[in-house]
Enquirer: 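This is the structure I want to talk about, given as structure tokens.
Numbered from 1 within each chain, the chains take letters A, B, ... in sequence-line order.
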Amino acid sequence: MNALAEIRSRFATALEPLVDSPTELMKMIKAANDAKFGDYQANVAMPLGKELGKPPREIAVQIMESVKLDGLCDNMEVAGPGFINLKLDDDWLKSRLATALSDSGLGVSKVTDPKTYVVDFSSPNVAKPMHVGHIRSTVIGDAIAKILKFAGHNVITDNHVGDWGTQFGMIIYGYKHFLDADAYKKDSVTELGRLYKFVRQLVDYHGAKSKVDDVADKIVELTGQLSGLKEKQSAATEKAETKKIKKELSAVQKRLDSQKEAGESLTEKIKAIESNPNLFGIANAHQKIGQQVLLETAKLHEGDEENKKLWTEFLPFCWEDMRKIYRRMNVEHDHELGESFYHDMLGAVVDDFEAKGFARTSDGAVCVFMDDYETPMIIRKKDGAFLYSTTDLATIKHRVEHFKADAALCVVDHRQHEHFDKLFDAARLWGYNDIELTHVSFGTVLGEDGKPFKTRSGDTVGLESLLDEAESRALAIAVEQNPDLTEDQQQHIAKTVGIGALKYADLSQNRGSDYKFSYDKMLALRGNTAAYLQFSYARVQGIIRKTEADMEKVRSNPVPFEFATDIERELAVKLIRFGEAIDEVLIEYKPNLLCSYLFELTQVFFQFLEKCSVKDAETESLKQSRLQFCDLMSRTVETGLGLLGIGVIEQM
RNA sequence: GCCCUCAUAGCUCAACUGGAUAGAGCACCGCUCUUCUAAAGCGGAUGUUGCAGGUUCGAGUCCUGCUGGGGGUACCA
């Protein structure tokens, strides 16, 4: 049990005579806000003051007298309106450190009630290049899964890939009309990728052609509206009226801007084709490509033999392409049950909803109407096709019945918030009440201009190019910092630091908010970055080399920890809080809390290194104690970063 | 229109879910390397937590209204 849990349990016992249910109050016992108040603080007396009709300070004193903290805390005092400040007993601290030193799990106790979690993350569409939008789900989901596992839960990771959608219609169409057989034979992955992009371009072209006039009309219309409103604004005299017009004005302006932007993007797509006579010819020869692609997709879904065969043939190549990225990011899934896996179950889902009276037909579509929502959740379109929501319901059913999941976490961006609300409510309506269903949502990755991260030409940024750029920038720094190392070593540093930086930049952010992407910031050598943490590990390895210490021996023949300086005690308190950081992450699935913990730990550790020499410690036992600190530190950072999917290096 | 969400230091973000004087990092100004890695450490300045009310011992956090951004809003995923 970690220190906080231990303190809480002792307080719970002491509070039992005072209140019916002390568990509610337990969250009011926490790590001290400020080290000068001690290590922990209990704020329970204030809310109790009201309940019991006594001054909070009096209650605080009463609690202090009844709570048994012997051996755990050596100092307790009441401060302010009724805060109880607690300081851990040094001997207790030292014994916790000793436990952590000898335990491969760093003394972090496993949960007493392990649950089965399905963590669903990454979920890209196969055959489409992964882009910057996929990084958050991948990195956050991977970290949460690892942390749950570390805490002692049974974790099943699942990649709910889109392997059944329109992109296959495109590839199939491309295969049938534009295949370069030699290229396909030589390098199938690349050729399929080319076909996808090519067909996509043609579809986009025709789409753009049909839309461009509409958009132009709209721009004219909106411009007209805008000048009309401006006239009205200058004529308006009443305050309320002016305000109303101003509001409309900005709304129209916004719509105009977005139409203009859309218009530009359409024009560009058209230009790309029409400026090339060869492409233009092909585009004209495939006027109906958009419908054709949908037709190929529909044929696949209906079980058309030829298309099913092609799909089966293409899928492994598409997977290979994606695995390349996952290998570079060092991310794995236990299962990869894509949309196609659930395809055959969808009819039964709809039938069951209808049979149980949870769904009915409206405007030709099968809908689930729920009280809290204006619009229903549609589970079958009027043309008979199923939707994402249908697949998701089948997925929940499968996770409960096949995986026996107690919880399913879907790591998906926050735009799908309402979809998941509806989905989860529908699932509960369906009878899946015992499973925790959580949408672990996250914000958008923005460029430095505060708008969604795009390339200069306006495309979404490819994930692969992101990895390349991170690594090459890291390499430049690694070469500069370590001119004496071999090229292989520099490459290794660049990969670990580069990918680590990319992941950490994402994870260290509160997942709910949007964040601005910046290579410079994430690869910064200082501050709350992966490199800063990785460096602390490398420093320890340097100390071990210089002191020629045998760490196996240090661990197997421990000496008592010594607090020769204040900073050593401070480091000790930080070190034993690793388990608390893990607990906190899991309350709301927020990996940034682990990042903050590791960052704070590292700050304290660097202060420790400034003030405390290991090699030149005053006594042999102090030297051993400090080596033990170094060992705990490096293992905590290694484990902590590992839980975030980030590696460490011996030298950097 | 309706619903969700966000607004914190010049910038990027925290704040343990209602607790003590709102914290870090960048950037800025200084200082510390013949010393276990200066990818480090130490010191300095920075705030009406968007605005106006309310709830209470106590509010960045909860409730109401307003302003401003982002997202969603029945057959896309």
Enquirer: Quick one: label A:Asp372 by what it contacts on the DNA or RNA (base, sugar-phosphate, nothing), any heavy atom closer than 4.0 Å.
Expert: nothing
Enquirer: Ignoring the backbone of A:His419, work out which of B:A74, B:G41, B:A77 is nearest its side chain.
Expert: B:A77
Enquirer: Sort out the partner of B:U35 for me: Watson-Crick or G-U wobble, both distances under 3.5 Å, none otherwise.
Expert: none
Enquirer: Rounded to whole Å, please give me the gap between CD in A:Glu588 and P in B:A15.
Expert: 10 Å
Enquirer: Under the 5.5 Å and 30° test, is A:Phe599 stacked on the base of B:A24?
Expert: no
Enquirer: Check the distance between B:C6's C1' and A:Leu446's CG and give it to me in whole angstrom.
Expert: 12 Å
Enquirer: Rounding to an integer number of Å, can you tell me how far A:Glu374 CD sits from B:U73 C1'?
Expert: 8 Å
Enquirer: Which base, if any, makes a Watson-Crick or G-U wobble pair with B:G30, both distances under 3.5 Å?
Expert: B:C42
Enquirer: Rounded to whole Å, please give me the gap between CD in A:Glu610 and P in B:C33.
Expert: 11 Å
Enquirer: Rounding to an integer number of Å, can you tell me how far A:Phe535 CZ sits from B:A39 P?
Expert: 6 Å
Enquirer: So, is A:Gln416 near the phosphate of B:G72, with a side-chain N or O under 4.0 Å from OP1 or OP2?
Expert: no
Enquirer: State whether the aromatic ring of A:Phe37 stacks on the base of B:A20, taking stacking to mean ring centres under 5.5 Å apart and ring planes under 30° to each other.
Expert: yes
Enquirer: What's A:Asn125 touching, base or sugar-phosphate or nothing? Going by heavy atoms closer than 4.0 Å.
Expert: nothing
Enquirer: For B:G19 and A:Lys30 - does any side-chain N or O of the residue sit under 4.0 Å from the phosphate oxygens OP1/OP2?
Expert: yes
Enquirer: Report the residue (A:Ala365 or A:Ala31) whose heavy-atom-nearest nucleotide on RNA chain B is the more 5′ of the two.
Expert: A:Ala31
Enquirer: Classify the nucleic acid contact of A:Phe606 as base, sugar-phosphate or nothing, counting any heavy atom under 4.0 Å across all strands shown.
Expert: sugar-phosphate
Enquirer: Is the count of non-hydrogen atoms from other residues, nucleotides or ligands lying under 6.0 Å from A:His492 atom NE2 greater than 12?
Expert: no
Enquirer: Does A:Asn510 make a side-chain N or O approach to OP1 or OP2 of B:A15 shorter than 4.0 Å?
Expert: yes
Enquirer: Could you please name the option among B:A40, B:A77, B:A74 that lies closest to any side-chain atom of A:Ser362?
Expert: B:A74
Enquirer: Using a 4.0 Å heavy-atom cut-off across all strands, classify A:Glu584 as base, sugar-phosphate, or nothing.
Expert: base
Enquirer: A:Pro47 has a side chain; which of B:A39, B:G19, B:A74 sits nearest to it?
Expert: B:G19
Enquirer: Specify the glycosidic conformation (syn or anti) of B:U17, with syn defined as within 90° of 0.
Expert: syn
Enquirer: Taking A:Phe121's backbone N and O only, do any of them form a donor-acceptor pair with A:Ser137's side chain (distance below 3.5 Å, no angle check)?
Expert: no
Enquirer: Just compare B:C36, B:A24, B:G71 and give me whichever is closest to any side-chain atom of A:Arg415.
Expert: B:G71
Enquirer: For B:U12, does OP1 or OP2 lie under 4.0 Å from any side-chain N or O of A:Tyr519?
Expert: no
Enquirer: Side-chain N or O of A:Lys27 versus OP1/OP2 of B:G19: is the shortest distance under 4.0 Å?
Expert: no
Enquirer: Does any N or O donor sit under 3.5 Å from an N or O acceptor when you compare the side chain of A:Ser508 with the base of B:A14?
Expert: no
Enquirer: Only pairs with both distances under 3.5 Å count, Watson-Crick or wobble alike; so what is the partner of B:G58 in this structure?
Expert: none
Enquirer: Go nucleotide by nucleotide along RNA chain B from the 5' end; which of A:Thr444 and A:Lys615 gets its closest nucleotide reached first?
Expert: A:Lys615
Enquirer: With a non-hydrogen cut-off below 4.0 angstrom, is A:Lys546 in contact with a base, only sugar-phosphate, or nothing?
Expert: sugar-phosphate
Enquirer: Is a salt bridge present between A:Glu77 and A:Lys87, judged by a nitrogen-to-oxygen distance below 4.0 Å?
Expert: no
Enquirer: Using whole Å, what does the distance between atom C1' of nucleotide B:A77 and atom CG of A:Asp120 come to?
Expert: 13 Å
Enquirer: Please classify the nucleic acid contact of A:Ala79 as base, sugar-phosphate, or nothing, using heavy-atom distances under 4.0 Å.
Expert: base
Enquirer: Of A:Leu586, A:Ile144, A:Asn510, A:Val139, which is the lone residue that meets side chain to side chain contact (heavy atoms under 4.5 Å, CB included) with A:Pro591?
Expert: A:Ile144
Enquirer: Nearest to the side chain of A:Thr547, heavy atoms from C-beta on, is which of B:C76, B:C36, B:G19?
Expert: B:C36
Enquirer: With a 4.0 Å cut-off on heavy atoms, is A:Lys382 in touch with a base, just the backbone sugar-phosphate, or nothing at all?
Expert: base
Enquirer: Can you tell me if A:Arg539 touches the phosphate of B:A38, counting only side-chain N or O atoms and a distance under 4.0 Å to OP1 or OP2?
Expert: yes
Enquirer: Round to a whole Å and report the spacing from CZ of A:Phe386 to C1' of B:A74.
Expert: 17 Å
Enquirer: Determine the Euclidean distance between corresponding P atoms of B:U61 and B:C51; express it in Å to zero decimal places.
Expert: 11 Å
Enquirer: Taking syn as within 90° of 0 and anti otherwise, name the glycosidic form of B:C33.
Expert: syn
Enquirer: It should be established whether A:Gln607 places a side-chain nitrogen or oxygen under 4.0 Å from OP1 or OP2 of nucleotide B:A40.
Expert: no
Enquirer: Measure the distance from CD1 on A:Ile543 to P on B:U37 and round it to the nearest whole Å.
Expert: 7 Å
Enquirer: So which nucleotide does B:C51 pair with, by the Watson-Crick or G-U wobble rule with both distances under 3.5 Å?
Expert: B:G65
Enquirer: Under 4.0 Å between a side-chain N/O of A:Lys521 and OP1 or OP2 of B:C26, yes or no?
Expert: no
Enquirer: Would one find a side-chain N or O of A:Asn528 under 4.0 angstrom from OP1 or OP2 of B:A24?
Expert: no
Enquirer: A:Asn592 side chain: which of B:A20, B:A15, B:A40 is closest?
Expert: B:A15
Enquirer: Pairing check on B:G23: which nucleotide meets the Watson-Crick or G-U wobble criteria with it, both distances under 3.5 Å?
Expert: B:C13
Enquirer: Could you work out which one of B:U21, B:A77, B:A74 sits closest to the side chain of A:Lys36?
Expert: B:U21
Enquirer: For B:C2, give the paired nucleotide (Watson-Crick: N1-N3 plus N6-O4 or O6-N4; G-U: N1-O2 and O6-N3; both under 3.5 Å), or none.
Expert: B:G72
